[in-house]
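To start, the structure itself, in structure tokens.
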Number of protein chains: 2
Amino acid sequence: MHALAHEAPLTRSVEDYLKVIYHLSSQGGFAATSDIAAMLDLAPPSVSGMVKRLSEAGLIEHVPYRGVQLTAQGRRAALRMIRRHRVLETYLTQQLGYDWDGVHAEAERMEHAVSDDLIERMAGALGDPRYDPHGEPIPTAALEIEEAELVRLSEAAVGQALELREVATQDPARLRYLAEQGLTPGAQLVVTDRQPFNGPTTVQLRGSSAARVVGQELARLLLCRPGGGDGDARA
Amino acid sequence: MHALAHEAPLTRSVEDYLKVIYHLSSQGGFAATSDIAAMLDLAPPSVSGMVKRLSEAGLIEHVPYRGVQLTAQGRRAALRMIRRHRVLETYLTQQLGYDWDGVHAEAERMEHAVSDDLIERMAGALGDPRYDPHGEPIPTAALEIEEAELVRLSEAAVGQALELREVATQDPARLRYLAEQGLTPGAQLVVTDRQPFNGPTTVQLRGSSAARVVGQELARLLLCRPGGGDGDARA
DNA sequence: GTCGGATATTAGGATACCCTAAGCCAGCAG
DNA sequence: CTGCTGGCTTAGGGTATCCTAATATCCGAC
């Protein structure tokens, strides 16, 4: 009989913690408290305190001096916030004229305030979108999320054809620059060159037949699906 | 040199207090702390504490044992919240299919979370509406609000032609019932009868040629403009 | 003109969250 | 295998908001 069925509603802080823990632990297993602190711009002791509360609430598992991981319950709560955020970003962009680089902050505040009902209405009005403006997959209402096999542009082999799928930053300046370069989700590209020692990657943009040189920092943010759309791609 | 130009951003609680103080003091001069407590569903001492902070912040004037009034600054902050709330209600109703009786709670939460920019985008998308779904006037972006001369249906003279302008409640059950009766803003009506001793008012609905009997409690919520629309009305 | 009850305020405490400063632990350097 | 350093946690405060219980004030009834 569902032990903690009626949890108290989560506070804004808790929702934010869960979201960053989700992101930090999505690759490796544990999220370090100092990384959580850095992401939320808090002092590490504040995180230790919250970590205790979260693990008492059954939302995370804490291994002292190692880090934290989400429980199933915590993961659900995190995915719910991610769905909210991404639906909001998509709605604000498509319906209210926000730019993809300015929409993050607004969604960040709204995601704590709106009802699930509103989110579903927005999603419905948009035809249940599967990706947000940055190309990130939107969890379904049932909180299932697509786990795509994406490679960072910084690691793609020279000669490979790719489709740009995700731009993994919310920084407005970087987003604006990348958009100017035509590097938005859906862009078809071929890696034509990479300089050694973490040097820049050069890509050919299909459609515009233009070349772009992308430094390593930005190339790491560009998540691509191999075999982009045409050319020799077959697989 | 604008003394307190850069006030700290107001908290949600403060925003809520200012809004109810605005409503409570809009008629008479002072809002009583017990009335504020009742409206916000708080214990009176909590209000006393907040009242002290608000008056230190220059948002209200407090006369001990009498009540509070908004300062010019507090009034501006209250009107800003009222604009936000009413724009949100209008947007949610017109763009996302909310009913006029269900929209209040959603707007109540969102009004604390969204940016002014979003409010103006929503207002723009709606063509800068002047009234919300309940007929209440929406303050302009410059925070000017229409002060209409409205009479309560419960006090209108028998025989008078009226236009229903505002429905002064947010209670979903009452709103739903009134909508079923065709009593929504814009309805044209004529008072045909009133029973004594705070008895019900009977109105004739133009257009539907139907009669409605409205008890005193509800009739007090229906704010009307005299000389409704047609018939002998000329003024 | 004083008493009593309603209303308001002060006193004292709880919670959730944040911080800085001080102490603890794990694992690598030697 | 010992000691140091950096990351983590505990200790101790601070703010904002709420509460209950106790006290103060106002005002109409008599």
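Order of the sequence lines sets the chain letters (A, B, ...), proteins ahead of strands, with each chain counted from 1.
Among the atoms of the strands shown, only primed sugar atoms or phosphate atoms (P, OP1, OP2) are found under 4.0 Å from some heavy atom of A:Thr33. Using a 4.0 Å heavy-atom criterion, one finds that A:Ser48 contacts the bases of the nucleic acid, with or without backbone contacts as well.
The stretch residues 109-116 of chain B does not touch DNA chain C, since none of its heavy atoms comes less than 4.0 Å from the strand. Contacts between residues 15-22 of chain B and DNA chain C, counted as heavy-atom distances below 4.0 Å, involve no residue at all.
Residues A:Thr184 and A:Leu178 have side chains not in contact (no heavy-atom distance under 4.5 Å, counting atoms from C-beta outward).
Under the side-chain hydrogen bond (donor to acceptor under 3.5 Å, both in side chains) criterion, the residue pairs touching residues 14-26 of chain B are B:Glu15-B:His112, B:Asp16-B:His112, B:Lys19-B:Glu108, B:Lys19-B:Glu111, with sequence neighbours excluded. Residue pairs meeting the salt bridge (Lys or Arg N to Asp or Glu O under 4.0 Å) criterion with at least one member in residues 138-156 of chain A, sequence neighbours excluded, are A:Arg130-A:Glu146.
Nearest to the side chain of A:Lys52, among D:dT10, D:dT17, C:dT9, sits D:dT10. In the set C:dC17, D:dG7, D:dT17, C:dC17 carries the atom at the smallest distance from any side-chain atom of A:Met50. With C:dT9, D:dT9, C:dC17 as the candidates, the nucleotide lying closest to the side chain of A:Arg53 is C:dC17. Listed nucleotides C:dA8, C:dT20, D:dT9 differ in distance to A:Ala43; the shortest reach to its side chain belongs to C:dT20.
One atom, CG of B:Leu24, and another, C1' of C:dT7, lie 16 Å apart when rounded to the nearest Å.
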For nucleotides 22-25 of chain D, print each protein N/O atom paired with a nucleotide N/O atom at under 3.5 Å, atom names and distance only.
{"residue": "D:dT25", "atom": "O4'", "partner": "B:Tyr65", "partner atom": "OH", "Å": "3.4"}

Result block: side-chain N/O donor-acceptor pairs under 3.5 angstrom for residues 96-103 of chain A, not counting sequence neighbours:
{"residue": "A:Tyr98", "atom": "OH", "partner": "A:Glu106", "partner atom": "OE1", "Å": "3.0"}
{"residue": "A:Trp100", "atom": "NE1", "partner": "A:Leu175", "partner atom": "O", "Å": "3.3"}
{"residue": "A:Asp101", "atom": "OD2", "partner": "A:Arg176", "partner atom": "NH1", "Å": "2.6"}

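With B:Pro133 as the partner, the side chain to side chain contact (heavy atoms under 4.5 Å, CB included) test is satisfied by one option alone out of B:Leu92, B:Val167, B:Thr93: B:Thr93.
Not one N or O on the side chain of A:Arg84 forms a donor-acceptor pair closer than 3.5 Å with the backbone of A:Ile119.
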